Number of protein chains: 2
Amino acid sequence: MDTKSFILVLSLGVAMAKQPWGGRPSWRRLPNIIIMLMDDMGWGDLGCYGNEAQETPNIDKLAKEGAMFTDFYSAAVFCSPSRAAMLTGRLPIRTGMYTNITFGKQTGVAVNGTGGLVPEEETIAEVLSRLGYRNKIIGKWHLGNSKEFSPLNQGFHEFFGSHQNHLRPFDNISAPNNAVFRNDKMVGRYFQKEFFINKETGESDLTRIWTKDAVEFIDENRNNPFFLYWSADGTHEELGAHRDFLGTSQRGLYGDVIRDLDHGVGQIITRLKQLKLHRNTFVFFGSDNGPMTGIYGGSTGPFLCAKPTTYEGGMRVPGIFWWPGVIPAGQVEKAPANLLDIINTILEITGGEVSNPERPLDGQSLWPILIDKPGATLEKDSIFYYRGNGLYAVRVGDFKAHYWTWILDPLFKRLLRRGNPCSRVYIENFTTEELTDHNDRPFLFHLGRDPGETFPIDPSTDEYQIHLEVINNVRDQHLKSLEGDIGYPQLNMIDWAAADWSPPGCEEINMCLPVPESNPVVKPYP
Amino acid sequence: MDTKSFILVLSLGVAMAKQPWGGRPSWRRLPNIIIMLMDDMGWGDLGCYGNEAQETPNIDKLAKEGAMFTDFYSAAVFCSPSRAAMLTGRLPIRTGMYTNITFGKQTGVAVNGTGGLVPEEETIAEVLSRLGYRNKIIGKWHLGNSKEFSPLNQGFHEFFGSHQNHLRPFDNISAPNNAVFRNDKMVGRYFQKEFFINKETGESDLTRIWTKDAVEFIDENRNNPFFLYWSADGTHEELGAHRDFLGTSQRGLYGDVIRDLDHGVGQIITRLKQLKLHRNTFVFFGSDNGPMTGIYGGSTGPFLCAKPTTYEGGMRVPGIFWWPGVIPAGQVEKAPANLLDIINTILEITGGEVSNPERPLDGQSLWPILIDKPGATLEKDSIFYYRGNGLYAVRVGDFKAHYWTWILDPLFKRLLRRGNPCSRVYIENFTTEELTDHNDRPFLFHLGRDPGETFPIDPSTDEYQIHLEVINNVRDQHLKSLEGDIGYPQLNMIDWAAADWSPPGCEEINMCLPVPESNPVVKPYP
């Protein structure tokens with residue numbers, strides 16, 4: 001704690017008290033929860049993670065005043081599965097947020113997808129709802145297009161954003177532009193009116209719109225516990241930044257967008273402070289997967305490859321926790337952790353309980369190390385790297401074994417205009433263009449000595465044998481835990497009629513489009 | 001300035017006063033100068049530059065309390081040329097610290113080299129000496145093996161260290177182990193007695209020895225201005241760390257060495273504070289070139305390739321400036337700067353003057369931006385990337401043009417056991433195994449958008465034409481400035497008799513070896 005904070009504590013009084021460790025913390029008032037989840041933002045994109053442009057002062061300040069994880073991971077290599085995993089604490093293989101067509105293929109909910117995060121799965125919003133929280137998601141949902149899969153059916157009281165991505169402009173003829181909703185009613189379409197993204201100039205007000213709404217939500221709920229899921233997706237294609245930031249970054253439009261998002265984070269934190277809520281608010285800042293380096297921009301820092309791979313660059317992402325006065329400032333945590341741990345951590349903070357304790361959760365609470373409890377360590381030190389239903393790699397401690405490797409899939413091959421997710425790095429038999437099975441002799445790396453996964457450990461050494469055995473055991477135990485808990489694959493069910501042709505509310509804003517004939521099919525993502 | 005520092009200023013009083021900008025600063029007492037120059041330490045090796053292991057708390061604290069440069073460069077791709085450039089402010093092509101055999105080849109002073117930094121060149125130690133400073137170098141000199149080229153002949157009053165590297169163990173029969181000197185007398189040999197490096201275990205006390213001597217020098221000179229050049233070379237082969245750190249790093253022996261060095265930095269800074277000298281001491285922390293990633297370890301962060309190349313990974317290095325109360329805390333500077341700027345900066349701080357103002361200096365003072373003068377910018381925004389006498393690349397602003405590319409040279413090919421300086425990155429026609437001329441169409445990169453130098457700007461674009469012309473002009477002006485100022489190449493003169501067989505003082509410690517017949521030749525480094 002720096003002197004200034006210390007003086008603040010003295011003058012304002014300690015805002016909460018907690019029981020000695022052993023029971024749940026007992027806050028005078030339930031803390032507010034804010035999750036800021038970025039879209040395709042890389043580990044190396046923030047100043048506090050060493051980005052060479054150093055253009056994220058507000059997010060860096062969160063890290064400086066809170067805890068920054070060096071070994072933080074997304075829960076999957078694509079948006080939808082990773083987001084579902086964060087909200088439920090369960091791997092996509094359990095919840096069904098994957099496709100089983102083409103082993104390992106796994107994208108998001110398609111614009112014409114009819115699957116989603118099934119209502120039987122419980123989100124953290126549902127748990128918090130039972131505790132009396134007011135919950136809102138702002139921005140990208142991406143866990144299902146229909147009413148059945150709406151955030152309003154998963155514990156959120158309010159919704160402002162899209163079921164979908166703000167993907168490349170559709171023409172409203174062969175494909176409808178994705179719709180923007182306020183709660184259960186459509187209020188616009190991406191690329192049109194106030195939800196515009198100018199493809200020529202890169203200008204867009206979207207981040208500003210998500211920010212303004214977040215600040216208003218905080219204002220409205222200043223006197224009751226709230227949960228805000230700020231899902232500002234500016235760093236995903238198509239890139240767009242507010243005109244104030246256009247051309248201001250050292251690293252092009254992608255950097256302009258990051259500056260815009262950083263400004264938004266600053267606005268939200270400032271408002272918390274103005275309302276004196278900051279000492280009663282838990283903030284998590286993260287990203288849903290690695291960046292699309294070489295296509296849209298973004299940095300993986302020293303890590304290999306990028307989205308959508310299971311090399312470190314595809315899944316190692318920023319992870320920052322902030323709660324002034326409770327989470328000690330300036331912590332750097334090196335324990336492996338990931339988005340699956342968020343729900344357990346919030347359960348511990350709030351005393352909330354899942355409705356079915358028998359249903360397996362894949363994460364663990366980070367709270368003991370976040371509050372810097374002396375001698376605290378985490379029980380688990382493993383990370384599972386999935387693509388679709390394929391478990392590609394497993395990390396235990398500092399060692400990571402790759403059982404399957406694959407740098408591309410057909411969808412991405414089409415998108416790749418300038419490079420591939422491995423930015424032209426080539427490591428023989430390891431950065432493979434085709435899905436390759438190494439189960440007979442997995443590639444093993446020590447991520448401490450070799451974070452870039454460049455020098456595989458020699459299989460003839462004792463080190464290889466010993467650590468591979470450890471990892472194999474962890475993998476086998478994990479696979480056993482899946483028995484009876486595999487979800488039906490949701491992401492390969494499509495129907496053009498399911499796209500945003502005429503969502504509820506379209507008539508009020510005169511944006512309805514003729515709905516094509518329904519033709520539900522189960523097939524790969526187009 | 002944080003609250004704590006502010007309180008300190010109030011309670012201790014302001015230690016110095018300076019004139020309004022425009023004249024030289026006028027300190028009550030001349031400030032002490034400490035240069036901590038690491039050996040082969042990469043941009044990505046420090047926590048404050050985003051290293052994923054986060055194992056350098058003391059150096060990170062320097063950055064936090066001072067100014068950290070994101071775009072800081074060495075002055076060459078090898079130790080000797082870069083160190084000569086830092087001490088003189090002049091490029092190796094001017095001082096002669098290069099070899100002209102095999103275009104672009106440039107290493108250090110060989111163990112049997114007879115050349116060095118010629119006495120006619122003036123070092124910052126000589127300037128400071130005239131101002132009354134007490135000067136000492138501790139650790140690696142590497143600017144010449146003979147008495148003529150000794151640091152004692154270049155302005156240093158004291159010397160504890162080696163003329164040479166602590167290179168791989170020689171056998172004292174076919175080649176003598178390199179000697180360690182105290183002033184003009186040999187006091188030992190590397191790999192023997194107290195200067196041991198255990199090749200089996202990686203244990204070595206060298207960093208501890210250099211640290212202890214630094215602290216003693218500071219103690220002895222607490223009442224007079226001093227200049228300490230702390231040239232602790234632990235991160236150069238052969239790697240060795242104190243037993244306290246062996247096996248403690250997440251990233252192997254290289255990390256153990258970094259932790260040992262970081263501990264040394266902490267010891268020196270602590271002593272400055274204990275003696276209340278910290279508010280009167282200017283500290284610069286840097287590195288002489290990029291790391292030998294994949295051979296000995298080290299991280300270039302997001303940058304391409306490593307030592308000894310002119311891609312960013314070969315020359316982008318840490319650059320940290322610290323002077324509590326004078327250099328504002330927490331600054332992140334993005335202006336391109338390099339080791340050549342150190343002498344100009346020190347001249348400005350101390351009011352020192354070079355003896356021959358007609359002799360061109362290649363750097364500029366960083367003082368205006370270091371003290372955060374409102375609106376201050378640097379006059380020059382260019383960086384010249386040399387290998388030997390070859391100007392391979394030029395950066396102006398955010399753009400960098402590569403005129404020549406080459407990832408290897410024959411010396412390094414021999415050393416490369418596990419990889420090459422480009423860590424298996426391959427970019428067609430750009431990461432070339434043979435020296436390749438691109439002068440007809442240089443590769444151009446925007447280092448902001450593409451710090452990894454992966455996506456060359458299309459030569460058919462206006463952007464390419466406009467910025468290449470700017471860079472070509474800067475290059476041409478620079479080459480013109482060299483007219484009449486090219487040094488005689490020092491690094492290809494060798495003689496086995498010149499190695500450390502029987503240096504002065506060897507008889508007192510019974511470490512003399514028979515000197516072979518002299519056979520001076522001018523040829524490539526063996």
Side-chain angles (χ1 to χ4, degrees), chain A residues 2-7 42-44 46-55 57 60 64 68-71 249-255 293-294 297 299-304 312 316 330 332-334 397-398 418-419 422-428 430-431 446-452 454-455, chain B residues 2-7 42-44 46-55 57 60 64 68-71 249-255 293-294 297 299-304 312 316 330 332-334 397-398 418-419 422-428 430-431 446-452 454-455:
Chain A
D2 63 20
T3 313
K4 206 164 182 178
S5 313
F6 184 63
I7 291 167
W43 189 95
L46 304 176
C48 55
Y49 284 89
N51 183 276
E52 58 294 336
Q54 292 284 332
E55 293 177 332
D60 297 349
K64 198 174 156 187
M68 177 181 113
F69 279 65
T70 58
D71 291 46
S249 165
Q250 203 178 319
R251 43 185 170 150
L253 180 55
Y254 185 86
T293 308
S299 169
T300 62
F303 301 118
L304 186 66
E312 289 294 289
R316 185 94 73 114
V332 176
E333 298 291 354
K334 299 180 195 177
D398 280 334
R418 298 201 302 175
C422 294
S423 289
R424 306 184 192 183
V425 174
Y426 172 70
I427 300 171
E428 203 179 343
F430 179 57
T431 50
H446 185 287
L447 293 177
R449 294 198 303 265
D450 179 20
T454 308
F455 308 108
Chain B
D2 63 21
T3 314
K4 205 162 180 178
S5 313
F6 184 62
I7 291 167
W43 189 94
L46 304 177
C48 55
Y49 283 90
N51 183 276
E52 58 293 336
Q54 293 283 332
E55 294 177 333
D60 297 350
K64 198 174 158 186
M68 177 181 113
F69 279 65
T70 59
D71 292 45
S249 165
Q250 203 177 319
R251 44 184 167 150
L253 180 57
Y254 186 86
T293 307
S299 168
T300 62
F303 301 117
L304 186 66
E312 290 293 289
R316 185 94 73 112
V332 176
E333 297 291 354
K334 299 181 194 176
D398 279 334
R418 300 200 303 172
C422 294
S423 289
R424 307 186 191 181
V425 174
Y426 171 69
I427 300 171
E428 204 180 342
F430 180 57
T431 48
H446 184 288
L447 294 178
R449 293 197 305 267
D450 179 18
T454 308
F455 308 108

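In what follows, every chain begins at residue 1, and chains take the letters A, B, ... in the order their sequences are listed. The analysis underlying the following values was restricted to heavy atoms, covering all of them including side chains, and did not include hydrogens, waters or symmetry mates. All figures in this text were calculated on a predicted structure; none of them were measured in a lab.
Looking at every heavy atom in both residues, A/Q54 comes nearest to B/K334 through O-NZ, 3.1 Å.
With sequence neighbours excluded, no residue forms a side-chain hydrogen bond (donor to acceptor under 3.5 Å, both in side chains) with A/E52. Under the rule for a side-chain contact (heavy atoms from CB on, under 4.5 Å), the partners of A/D450 that lie at least two apart in sequence or sit in another chain are A/F445, A/T454, A/F455.
Of the two parts of B/Y254, neither the backbone nor the side chain holds a non-hydrogen atom closer than 4.5 Å to a non-hydrogen atom of chain A.
In terms of heavy-atom pairs under 4.5 angstrom with chain B, the leader among A/P451, A/P57, A/G252 is A/P451.
You'll find the side chain of A/T70 stays beyond 4.5 Å of the side chain of B/Q250, heavy atoms only.
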